[in-house]
Amino acid sequence: MSGDVAARATEGFRQRYAAEPAGHWAAPGRVNLIGEHTDYNDGFVLPFALPLRTVVAAAPGPDARWTVWSELDDAPVEFGAAEADEPGRVDGWAAYVAGVVWALRAAGLDVPGARLAIASDVPVGSGLSSSAAIEAAVLAALVDLGGLDLPADRWPRLAQRAENEYVGAPTGIMDQSVVVRGRAGHALFLDCRTEEVEQIPFDLDAAGLAVLVIDSRAPHRHADGEYAARRRSCERAAATLGVTALRDVPTDGLDAALARLDDDETRRRVRHVVTENQRVLDTVALLRADRVRETGPLLTASHASMRDDFEITVPEIDTAVEAALAAGAYGARMTGGGFGGCVLALVDADAAEKVAAAVTTAYADRGFTAPHTLTALPAPGVTRLP
């Protein structure tokens with residue numbers, strides 16, 4: 001699939017700049033197997049990289065000038081150091097590119113001017129982290145073009161800074177970590193406090209399994225404001241409980257912690273985060289023991305918690321989960337920030353089409369826009385293409 005996307009990026013580069021790119025850099029989308037809204041609570045997550053890719057074709061350009069074209073918007077965006085150095089000066093999709101330039105320059109690196117063309121198979125707005133894919137691919141391109149001394153273990157934090165401080169999206173470190181560090185056949189177990197990572201074997205192929213990813217096609221409803229509201233609620237609860245973050249509330253101390261909170265909504269938010277962290281740890285233990293199918297009930301419990309306690313699902317998402325489970329999925333859950341986006345279902349590989357058809361039928365029965373589905377196996381992170 002990367003080849004097709006790279007060809008589109010190359011053609012876009014040729015048409016826009018009447019030249020050949022110096023190289024191509026590809027970064028994946030991602031799904032989070034389990035661990036939702038735990039990242040900014042200093043907790044645990046377990047994402048894996050998708051075979052869907054964003055490709056940047058790039059070549060050196062004038063010093064301190066950057067021009068970027070995307071197949072999503074035929075009009076190129078050009079900016080210089082002044083715009084790059086002031087968060088907010090570049091907006092829209094190009095802000096993710098300018099944000100990477102800003103983060104690199106803020107780190108004291110001599111960022112090369114460049115001309116870039118972007119093509120992608122990671123759908124925008126689906127919850128598969130198209131933004132982190134752009135950031136990682138652009139970052140890799142600029143590091144290579146400039147010969148910058150920047151070890152890969154620093155890339156996730158720089159890309160996160162670009163999104164948080166330049167674009168203004170309050171995301172955690174998970175997306176950038178997995179699009180940089182993803183490995184084929186593995187999920188990435190990430191401690192969001194220490195940033196320690198462990199590659200956990202997740203060989204679906206060997207187990208005769210697949211993850212069915214269902215793009216609900218539901219429009220994101222108040223996603224930005226609601227995401228920020230959930231984050232503020234968690235921070236206030238942590239302050240009330242006298243802990244640095246909700247990750248510090250132990251599972252066996254949850255009831256006592258909830259009793260110290262004044263309102264039911266905050267109690268439900270806290271219960272989701274604490275129990276979700278435990279579900280991540282339980283899932284990792286099962287994968288280490290090669291008991292992949294047994295993770296299914298944990299996925300489903302995660303969805304129920306997001307639906308009932310964190311209140312971030314929508315009817316299309318809940319319908320997809322219910323239909324997938326009724327059609328034989330071992331487990332299913334929403335993945336991503338919520339209020340739209342995608343569902344993942346753990347299925348037998350030879351049953352993926354049947355489960356996908358059942359979800360499509362359920363959508364038709366409810367009058368929803370037909371979903372888009374794909375089967376996914378864990379893929380590598382960012383790379384320079386041959």
> Can you sort out the partners of Glu294 under side chain to side chain contact (heavy atoms under 4.5 Å, CB included), two or more places apart, ordered by chain and number?
Leu286, Arg291
> Please name all residues satisfying side chain to side chain contact (heavy atoms under 4.5 Å, CB included) with Ala107, sequence neighbours left out, ordered by chain then number.
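Only Leu109, Arg154, Leu158 meet the side chain to side chain contact (heavy atoms under 4.5 Å, CB included) criterion with Ala107.
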> Checking Ala22 now: which residues fulfil side chain to side chain contact (heavy atoms under 4.5 Å, CB included) with it, not counting sequence neighbours?
Ala59, Pro60, Leu145
> Side chains of Asp85 and Trp102: is there a donor and an acceptor less than 3.5 Å apart?
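Per modelled atom types, Asp85 and Trp102 side chains form no pair under 3.5 Å.
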> Just checking, any donor-acceptor pair under 3.5 angstrom between side chains of Thr313 and Arg307?
no
> Under a plain distance cut-off of 3.5 Å, with no hydrogens placed, do Gln176 and Glu163 share a side-chain donor-acceptor pair?
yes
> Is the backbone of Ser131 close enough, under 3.5 Å, to the side chain of Ser129 for a donor and an acceptor to pair up by distance?
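Between the backbone of Ser131 and the side chain of Ser129 there is no qualifying donor-acceptor contact (under 3.5 Å).
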> With sequence neighbours left out, what residues match Ala19 under side chain to side chain contact (heavy atoms under 4.5 Å, CB included)?
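Partners of Ala19 under the side chain to side chain contact (heavy atoms under 4.5 Å, CB included) test: Phe13, Arg115.
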> Judged by modelled atom types alone, do Thr38 and Asn41 share a side-chain donor-acceptor pair under 3.5 Å?
no
> Donor-acceptor pair, distance only, cut-off 3.5 Å: does the side chain of Arg30 make one with the backbone of Leu50?
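No, because the side chain of Arg30 does not come within donor-acceptor range (under 3.5 Å) of the backbone of Leu50.
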> CG of Asp365: more than 12 outside heavy atoms within 6.0 angstrom?
yes
> Picking from Arg268, Arg271, Arg230, what satisfies salt bridge (Lys or Arg N to Asp or Glu O under 4.0 Å) with Asp309?
Arg271
> Does either side chain, that of Glu265 or that of Ser233, offer a donor lying less than 3.5 Å from an acceptor on the other one?
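No, no side-chain donor-acceptor pair sits under 3.5 Å.
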> Taking only Lys NZ, Arg NE, NH1 and NH2, and the carboxylate oxygens of Asp or Glu, determine whether Arg269 and Glu235 approach each other closer than 4.0 Å.
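A salt bridge is absent here (no side-chain N lies under 4.0 Å from a carboxylate O).
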> List the residues meeting side chain to side chain donor-acceptor pair (under 3.5 Å) with Arg293, not counting sequence neighbours, and say none if there are none.
Tyr330, Asp348
> Using distance alone, with no hydrogens and no angle criterion, decide if Thr10 and Arg14 have a side-chain donor and acceptor under 3.5 Å apart.
no
> Surrounding CG of Asp308 (heavy atoms of other residues, nucleotides or ligands, distance under 6.0 Å), is the total greater than 12?
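Enclosed: over 12 neighbouring heavy atoms sit under 6.0 Å from CG of Asp308.
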> Among side-chain atoms of Glu71 and Ser120, is any donor-acceptor pair under 3.5 angstrom?
no
> Please list all pairs meeting salt bridge (Lys or Arg N to Asp or Glu O under 4.0 Å) that have one or both residues in residues 31-52, counting only residues at least two apart or in different chains.
Glu36-Arg333, Asp42-Arg193
> Between the side chains of Arg267 and Asp262, is the shortest nitrogen-to-carboxylate-oxygen separation below 4.0 Å, so that they form an ion pair?
no
